[in-house]
Amino acid sequence: MINEILNDAKERMKGSISALESDLAGFRTGRASPALLDQLTVEMYGMEMSIKKLALVSAPEPQQLAVRPFDINSISAIERAILKSDLGLTPNNDGKIIRLNIPRLTEERRRSLSRLIGARIEEGKVSVRNVRRDALNDLRELKDEKLCTEDEFFAAQEDLQKITDEYTAKVDELGKEKQDEIMEV
């Protein structure tokens with residue numbers, strides 16, 4: 001029973017890490033990355049759709065993204081979505097492909113992005129700690145219902161803290177990598 005609670009906590013913490021990774025991938029670093037558009041949704045056919053479902057996004061050059069729609073009729077909707085987004089990119093449309101030139105980041109913008117990443121990292125840590133809190137409550141219920149001894153409870157509590165520390169360190173590592181990437185000139 002205790003192992004199930006710890007394994008569930010580990011899986012949920014892994015989910016927090018993967019959600020943070022995908023969130024951080026959407027931050028512009030001055031280099032073209034198709035992941036930059038992953039969070040972008042396009043209104044098409046009366047509903048919101050991910051750009052991945054409507055187009056192929058590639059990085060033909062280090063400072064450029066190419067968006068190749070599967071359906072040529074969706075090119076204007078994709079262009080509108082890019083303009084409305086907070087990416088700060090201007091699409092160039094040649095009728096078949098949308099090209100996005102990724103400008104170099106200014107020092108001010110780098111610092112601003114670094115602060116945003118810091119906030120996202122803190123949210124990731126809070127998410128991991130919330131998982132720990134839930135698992136700890138489950139362990140307390142086991143102890144209160146006399147389904148485990150106090151020694152087992154304290155050992156499980158220590159194991160849970162080790163798991164939490166491990167995933168918190170992973171969150172910090174992800175944040176440091178992304179901030180270093182953004183501050184790199």
Margin query: Testing the basics here: between S85 and L40, what is the closest heavy-atom pair and its distance to 0.1 Å?
Written below: CB-CD1, 3.6 Å
Item checked: Test item: S112 and E108 side chains (from C-beta on) under 4.5 Å apart, heavy atoms -> no
Note to self: Would you compute the distance between atom CD of E152 and atom CG of D159 and round it to the nearest 0.5 angstrom?
What the structure shows: 11.5 Å
Checklist line | Donor-acceptor pair, side chain of R68 and main chain of I97, under 3.5 angstrom | finding: no
Next item on the list: Please round to the nearest 0.5 Å and tell me the distance separating atom CG of D138 and atom CD1 of I2.
Entry: 11.5 Å
Margin query: Around atom CZ of R133, are there more than 12 heavy atoms from other residues, nucleotides or ligands closer than 6.0 Å?
Written below: yes
Next item on the list: Check step by step if salt bridge (Lys or Arg N to Asp or Glu O under 4.0 Å) holds for E107 and R111.
Entry: CA-CA 6 Å; E107 185 67 26; R111 292 186 193 285; 3.1 Å; yes
Margin query: When you group the ILVMFWY residues by side-chain heavy-atom contacts below 4.5 Å and let the links chain together, are L100 and L83 in the same group?
Written below: no
Next item on the list: Mind checking the CZ-CZ spacing from R140 to F153? Nearest 0.5 Å is all I need.
Entry: 5.0 Å
Next item on the list: Side-chain contact test, heavy atoms from C-beta onward, threshold under 4.5 Å: evaluate it for I5 versus D8 and give yes or no.
Entry: no
Check: Ignoring hydrogens and geometry, is there a side-chain-to-backbone donor-acceptor pair from K178 to L24 under 3.5 Å?
Finding: yes
Notebook entry, point to check: How long is the span from the CZ atom in R12 to the CZ atom in R132, to the nearest 0.5 Å?
Noted result: 13.0 Å
Check: Run the side chain to side chain contact (heavy atoms under 4.5 Å, CB included) check on K52 and V57 step by step: do they pass?
Finding: CA-CA 8 Å; K52 289 181 180 179; V57 181; over 6 Å; no
Check: With a 4.5 Å limit on heavy-atom distance, are the side chains of L54 and P69 in contact?
Finding: no
Next item on the list: Looking only at non-hydrogen atoms, find the nearest pair between A81 and V42 and report the distance.
Entry: CB-CG2, 3.8 Å
Next item on the list: Determine, step by step, whether L36 and I102 satisfy the side chain to side chain contact (heavy atoms under 4.5 Å, CB included) criterion, reporting the C-alpha distance in whole Å, the side-chain angles of both residues, the deciding distance to 0.1 Å, and the verdict.
Entry: CA-CA 10 Å; L36 185 62; I102 311 293; 3.9 Å; yes
Item checked: Distance-only polar pair, side chains of Q161 and D165, donor-acceptor under 3.5 Å -> yes
Note to self: Applying salt bridge (Lys or Arg N to Asp or Glu O under 4.0 Å) to K176 and D172, what does each step give before you reach the verdict?
What the structure shows: CA-CA 6 Å; K176 177 149 179 38; D172 284 335; over 6 Å; no
Notebook entry, point to check: Between F70 and K53, what is the shortest heavy-atom contact and its length?
Noted result: CD1-O, 3.6 Å
Next item on the list: Check whether any side-chain N or O of S74 sits under 3.5 Å from a backbone N or O of A77 as a donor-acceptor pair, and report yes or no.
Entry: no
Next item on the list: Would you sort out whether E173 and E177 count as a side chain to side chain contact (heavy atoms under 4.5 Å, CB included), showing the intermediate values?
Entry: CA-CA 6 Å; E173 183 180 322; E177 286 174 10; 3.5 Å; yes
Note to self: Taking CD in E48 as the centre, count heavy atoms belonging to other residues, nucleotides or ligands within less than 6.0 Å. Is the count above 12?
What the structure shows: yes
Notebook entry, point to check: Stepwise, does the salt bridge (Lys or Arg N to Asp or Glu O under 4.0 Å) test hold for E158 with K162?
Noted result: CA-CA 6 Å; E158 286 177 19; K162 286 177 188 170; 5.3 Å; no
Notebook entry, point to check: Looking only at heavy atoms, what is the nearest atom pair of L37 and I51, with distance?
Noted result: O-CG2, 3.2 Å
Checklist line | Nearest-0.5 Å distance that lies between atom CE in M44 and atom CG in D71 | finding: 5.5 Å
Check: Name the one of L89, N92, I82 that satisfies side chain to side chain contact (heavy atoms under 4.5 Å, CB included) with I98?
Finding: I82
Check: Would L116 and L174 show up in the same hydrophobic cluster when neighbours are defined by side-chain heavy atoms closer than 4.5 Å?
Finding: yes
Check: Which pair of non-hydrogen atoms, one from A55 and one from I78, has the smallest distance, and what is that distance?
Finding: CB-CD1, 4.0 Å
Note to self: Tell me the closest heavy-atom pair linking Q157 and L136, and the distance in Å.
What the structure shows: CG-CD1, 3.7 Å
Next item on the list: Spell out, yes or no, whether L56 and M49 are grouped together once hydrophobic residues are joined by side-chain heavy atoms under 4.5 Å, including indirect joins.
Entry: no
Margin query: Determine whether M13 and K10 satisfy the following criterion, side chain to side chain contact (heavy atoms under 4.5 Å, CB included), listing intermediate values before the conclusion.
Written below: CA-CA 5 Å; M13 287 180 191; K10 213 180 256 190; 5.8 Å; no
Note to self: Could you tell me if the side chain of I121 sits less than 4.5 Å from the side chain of L20, heavy atoms only?
What the structure shows: yes
Note to self: Taking the side chain as everything from C-beta on, heavy atoms only, tell me whether V126 gets closer than 4.5 Å to R129.
What the structure shows: yes
Checklist line | D23 side, atom CG; R120 side, atom CZ - distance, nearest 0.5 Å | finding: 4.5 Å
